[in-house]
Structure formats: structure tokens, C-alpha cells
Amino acid sequence: MVHPLIGKKAPEVTLPDANGAPYDLKPGASGRPLALFFYPAAGTYGCTREACSFRDALSSSDVFKSTECDVVGISKDPPAQQKAFVDQNGLPYPVLSDAEGKARGAYEVGRGLFNLTEGRATFMIDRDGTVLDVYESVIQYQEHRKFIERWLAKLGEKKEAKTETAPEPAQAPE
């Protein structure tokens, strides 16, 4: 089933970050692609592995670096728990608290694993704030980063193609 947000503008939401301060999530506002991932619970094995894989990709993946992709993580955990999660794992990107489910509702992220846990979903959002694709899997937590890397590679190829085929600017008459 195709996710209903694919091809549409990503919703804007304001949620508390790991320090409890309001964070305005406005996909497309920075002009950079956004990897937005929803995870079930801070500090659990799979969620830690997923969050750390995005952390590592930001510093070591050429495609993450060349596209200047932003990363934001969201779970229902309260800010204090998010703060401990961020500090323990050295996460360099915003981690937001969605205790009321406002973002999960806006992004239509359901439950996973036979409805036993919160869902795990990653959204690839382009530079303009449009949802390009969504990957949902509670168990395949390592695949979420790979999903984003594949999309970033596609976006990088498109950007290079535009640069290569762009006409030369016209010379102003003297």
C-alpha cells in the first residue's frame, strides 16, 4: 500500500526537543533534504541501533555529506528520556518528543509488529518539503538508513544531471 503522504507536502509540527524547548519542524525550509524517522522507544536495542546508524552516516557517508541531508528523530518518549538517549549516544541531530502523538497522526504513522508496539517509519523528504517515499519496518531497523542513502544517491544524480545540462548564462551586451 502506498503511503498517503507520498507526493504531498510534509506536515509542519512543533514538538519539544530533547531539552524541552519547542522545535518547529518545517520540512523544506532549510532547502536541504530531510530524513525524518519515527522510532518506538528511546534506549531500546533496535531504536538505539537505528539512531546511531543515522549518526554515523552523517559523519561518514559521502552521500549524506554531499547532499547535506538533515536528520530528525521522533518518538513518544518525554524530553528527559530523549535527552538521556541523545547524550548517551552522541546524537548530533534533533530528537523530538511526540508524547501526544501529534506528529505520528500528521504523518499517519501507525503501530507495528502486530499492533504490539509503536511503528517505525522513515520519510524521505526533498529540498522543497515534498514526501518522496516512506519506509516502514519495526524489525528491519538498519534498513532505514540504507533506504535514505539510496534516495540521497538518486537526488544527487538528479542534481548533477541538472548542473551538467544547464545552459550557460547569457552574456550581457556591452
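- Summarising the geometry of T48 relative to F85, their closest heavy-atom pair is OG1-CE1, 3.4 Å, with the distance given to 0.1 Å.
- Contact check for I148 versus M124: side-chain heavy atoms found under the 4.5 Å cut-off.
- Taking both residues in full, the closest heavy atoms of C69 and L58 are given as O-CD2, 3.6 Å, listed atom of the first, atom of the second, then distance.
- Of all heavy-atom pairs between A10 and I125, the closest is CB-CD1, 3.7 Å.
- No side-chain donor-acceptor contact under 3.5 Å links K26 to the backbone of G129.
- Going from atom CG of L96 over to atom CG of D77 covers 12.0 Å, rounded to the nearest 0.5 Å.
- K76 places no side-chain N or O within 3.5 Å of a backbone atom of E100 that could act as its donor or acceptor partner.
- The only member of R145, R120, Q142 that meets side-chain hydrogen bond (donor to acceptor under 3.5 Å, both in side chains) when paired with E50 is R120.
- Remark: D98 pairs with no residue by the salt bridge (charged side-chain N to carboxylate O under 4.0 Å, His left out) rule, at least two apart or across chains.
- Taking the charged nitrogens against the carboxylate oxygens, K146 and E149 have no contact shorter than 4.0 Å, which rules out a salt bridge.
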Working note: L132 + L155, criterion side-chain contact (heavy atoms from CB on, under 4.5 Å); need CA distance, chi angles, decisive distance, verdict.
CA-CA 10 Å; L132 297 176; L155 292 176; 3.8 Å; yes
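- Contacts of D87 classified as salt bridge (charged side-chain N to carboxylate O under 4.0 Å, His left out), with partners at least two apart in sequence or in another chain: K83.
- Applying the side chain to side chain contact (heavy atoms under 4.5 Å, CB included) test to D70 and every residue at least two apart in sequence or in another chain returns S30, R32, L34.
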Worked verdict on D17 versus V86 for side-chain contact (heavy atoms from CB on, under 4.5 Å):
CA-CA 10 Å; D17 66 12; V86 166; over 6 Å; no
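- Counting only distance, with no hydrogens or angles, the side chain of S59 and the backbone of D56 share a donor-acceptor pair below 3.5 Å.
- Scanning both residues, Q82 and S75, for their nearest heavy atoms gives NE2-OG, 2.9 Å.
- Among residues two or more places apart in sequence or in another chain, the side chain to side chain contact (heavy atoms under 4.5 Å, CB included) test is passed with A106 by P11, V13.
- Although no hydrogens or angles enter the test, the distance criterion places no donor-acceptor pair under 3.5 Å between the side chain of H144 and the main chain of F38.
- Considering every non-hydrogen atom in both R55 and G90, the closest pair reads CD-O, 3.4 Å.
- Note on residues 16-37: pairs passing ring pair (Phe, Tyr, Trp, His ring centres under 6.0 Å), not counting sequence neighbours, are F37-Y39, F37-F54, F37-Y93.
- Summarising the geometry of A121 relative to V134, their closest heavy-atom pair is CB-CG1, 4.4 Å, with the distance given to 0.1 Å.
- For K9, the NZ atom counts as densely surrounded, since its 6.0 Å shell holds more than 12 non-hydrogen atoms of other residues, nucleotides or ligands.
- With sequence neighbours excluded, no residue forms a ring-ring contact (aromatic ring centres under 6.0 Å, His included) with F64.
- Within the 4.5 Å cutoff, side-chain heavy atoms of L25 are placed close to those of L36.
- The main-chain N or O of D126 is never found under 3.5 Å from a side-chain atom of T130 such that the two would form a donor-acceptor pair.
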